[in-house]
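One structure is given here, and the rest of the page talks about it.
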Protein chains: 2
Amino acid sequence: MRFPKLFERLATLAPLPPEEWAKAEAVAKEQSLAKRELFLRPGDAADRFAVVLQGVFRAVRVSPRGGESIKAFRAEGELLGAYAEMLQRLPSMTAIEALEPSHVLVFQTQDFQQLERGHVCWERLARRVAEQHFVLKERREQEFLELSAEERLVKFWEEHPHLKGRISQRDVAAYLGITEVALSRIMSRRRKRAE
Amino acid sequence: MRFPKLFERLATLAPLPPEEWAKAEAVAKEQSLAKRELFLRPGDAADRFAVVLQGVFRAVRVSPRGGESIKAFRAEGELLGAYAEMLQRLPSMTAIEALEPSHVLVFQTQDFQQLERGHVCWERLARRVAEQHFVLKERREQEFLELSAEERLVKFWEEHPHLKGRISQRDVAAYLGITEVALSRIMSRRRKRAE
DNA sequence: CCTCCGCCTTAACCCAGGTCAAGCCCAGGT
DNA sequence: ACCTGGGCTTGACCTGGGTTAAGGCGGAGG
């Protein structure tokens, strides 16, 4: 077994027989990415996903009007991919970019579907993953509905302390739905308030 | 079969043997709700969900600070329940309220889990449901990140024309994340612009 | 060593939306 | 016919965040 830690993490989501995991490892390919390199670019078919072994990524949505907003950051142990587009069989509208030299474990969705046909555990795992992603998005929805930019900032760092120092202010702002300038102002306001 | 239309809708999501559906119908209970009556109140255990047969509901989250925001409206054929809380086994933080005299088909999650043990089709269906809910929430996230309140309003009516006349302005505003007052202003601005 | 560039901050100005408060319209109840 | 209350609008005023533009600073390449 090449990735025992990953196996353990997945096994906590749904019962996963080691021999099924072995099959998964057999079809997965490792890939290294340089800083700024894209794992997925907008327009690509959303036919693969990955687990981050090392590094940090940002999922950027480039809107028709040219604005960039950030859907998520992904670090070690997390899933990488244009999930929504995959589910809808649409080309990716998301760019997924390494913010550091990174290392990932790539799966073709096709291969994964093959695994699903072989054992129910994969179906169950996919369900858990979908459910967890849903819970996260709903939490984010709440934050937009109820919180100011400043409150969202505080929550962001509470929930993602491991990203400290690894992502730019500009990107944090794009994640919160505000501009770099506004974020800077908010931070200086807080600094002053704390004397 | 008491609800052939519902069966057909579900069968489009995942293959669903009629005999399995029959079992589901057997454990489901119909419930009628008056206008303003709650299907679920905050603090309740999130141990049941329902399909709307007739009527419209709103899922309201009452924030600690007393503000009300609306997570979703649900009309005929849609699912009703504190989904995120159910998945996390938390008490409901959501009130689900009938906006009209309504009629729903209620399932206990416990009964549903029993069905899951009996046949894989339910697992697959649950996965599809989770995935669809995810896609919807992600769409909403995009809207908060990229669109102004006015643009969100336009999209809202494009996507939910069947709610026209059935929900109050105040509720639309609470769904968009703005106040009743701001919504009214936006509408009068648009009226003028259209001369 | 200097320059350039990317990243962050600051300032000036503007506008969308929040807040508070008054007022309107209409449906229901007496 | 009268009140009452809920839902919607409007106005005055305030504030958070957008926009633009001007630096500051630190690291990479000449």
Side-chain angles (χ1 to χ4, degrees), chain A residues 34-37 56 58 60 62-70 73 95 97-101 142-157 163-194, chain B residues 34-37 56 58 60 63-70 73 97-101 142-157 163-194:
Chain A
K35 182 169 174 167
R36 306 240 95 210
E37 194 177 344
V56 191
R58 54 172 192 173
V60 183
V62 183
S63 78
R65 285 134 190 101
E68 282 196 356
S69 56
I70 294 196
F73 298 100
E97 181 185 342
L99 299 177
E100 304 173 353
Q142 282 314 325
E143 290 171 8
F144 280 116
L145 284 169
E146 309 190 338
L147 303 181
S148 66
E150 175 164 0
E151 294 169 310
R152 295 205 299 280
L153 173 66
V154 172
K155 266 214 168 186
F156 176 78
W157 286 122
L163 295 177
K164 209 108 207 180
R166 303 173 80 182
I167 58 183
S168 73
Q169 214 102 282
R170 185 204 249 52
D171 283 347
V172 175
Y175 179 84
L176 297 176
I178 61 179
T179 60
E180 196 185 13
V181 179
L183 177 53
S184 179
R185 265 193 308 237
I186 289 170
M187 286 174 42
S188 82
R189 218 188 304 152
R190 310 191 86 236
R191 243 174 281 132
K192 267 170 213 151
R193 228 177 304 147
Chain B
K35 181 169 176 168
R36 307 241 94 209
E37 194 176 345
V56 190
R58 56 172 192 176
V60 183
S63 79
R65 285 132 190 101
E68 282 196 356
S69 57
I70 294 195
F73 298 100
E97 180 185 343
L99 299 177
E100 305 175 349
Q142 283 313 328
E143 291 170 9
F144 280 116
L145 283 170
E146 309 190 339
L147 304 181
S148 67
E150 175 163 0
E151 293 169 309
R152 295 204 300 278
L153 174 66
V154 172
K155 267 213 167 186
F156 176 78
W157 285 122
L163 295 177
K164 209 105 207 184
R166 303 173 81 181
I167 60 184
S168 72
Q169 213 102 284
R170 185 204 249 54
D171 283 347
V172 175
Y175 179 84
L176 297 176
I178 61 179
T179 59
E180 194 185 16
V181 179
L183 177 54
S184 177
R185 268 193 305 238
I186 288 170
M187 287 175 40
S188 81
R189 219 189 303 150
R190 309 191 88 235
R191 241 173 284 133
K192 267 170 215 152
R193 227 178 303 146

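Please read these numbers as outputs of a predicted model, since none were measured by experiment. Computation of the quantities below employed the complete heavy-atom set of this structure, encompassing side-chain atoms and omitting hydrogens, waters and symmetry-equivalent molecules. Proteins come first, then strands; the chains are lettered A, B, ... in the order of their sequence lines, and each starts at number 1.
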Checklist entry - Would a 4.5 Å heavy-atom cut-off, applied to side chains only, mark B:D171 and B:V60 as touching? => result no

Next on the checklist: Without decimals, in angstroms, what is the distance between A:L153 CG and D:dG17 C1'?
Outcome noted: 14 Å

Item to check | Contact under 4.0 Å: B:R189 side-chain N or O vs C:dG17 OP1/OP2 | outcome: yes

Checklist entry - About how many Å separate CD of A:E143 and CZ of A:R152, when rounded to the nearest 0.5 Å? => result 8.0 Å

Checklist entry - If you measure from the Lys or Arg side-chain nitrogens to the Asp or Glu carboxylate oxygens, is any gap between B:R193 and B:E150 under 4.0 Å? => result yes

Checklist entry - By a strict heavy-atom criterion of less than 4.0 Å, which residues belonging to residues 176-186 of chain B are in contact with DNA chain C? => result B:G177, B:I178, B:T179, B:V181, B:A182, B:R185, B:I186

Checklist entry - When rounded to the nearest 0.5 angstrom, what distance separates CD in A:Q142 from NZ in A:K155? => result 8.5 Å

Item to check | Length of the line joining B:R152:CZ and C:dA16:C1', which is rounded to integer Å | outcome: 11 Å

Checklist entry - About how many Å separate CZ of B:F156 and CG of B:L163, when rounded to the nearest 0.5 Å? => result 5.0 Å

Checklist entry - Whole-Å distance between C:dG6 P and A:D171 CG? => result 14 Å

Checklist entry - If pairing requires Watson-Crick or G-U wobble contacts with both distances under 3.5 Å, which nucleotide is the partner of C:dT30? => result D:dA1

Item to check | Presence of A:Q169 side-chain N/O under 4.0 Å of C:dG6 phosphate oxygens OP1/OP2 | outcome: no

Checklist entry - Closest nucleotide of DNA chain D for B:S168 versus for B:K192: which of these residues is on the 5' side? => result B:S168

Checklist entry - With respect to the side chain of A:M187, which nucleotide from C:dT9, D:dT10, D:dC8 is positioned closest? => result C:dT9

Next on the checklist: Nearest whole Å is fine: how far is D:dG18 P from A:E68 CD?
Outcome noted: 15 Å

Item to check | Value in whole Å for how far the C1' atom of C:dC7 lies from NZ of A:K35 | outcome: 11 Å

Item to check | Electrostatic pair A:R58:A:E97 at N-O distance under 4.0 angstrom | outcome: yes

Checklist outcome for this item: To the nearest angstrom, the CD-P distance between A:E150 and D:dG18 comes to 14 Å

Item to check | Ion pair check, B:E100 and B:K35, cut-off under 4.0 Å | outcome: no

Next on the checklist: If I take atom CZ in residue A:R36 and atom C1' in nucleotide C:dC7, what distance separates them, rounded to the nearest angstrom?
Outcome noted: 12 Å

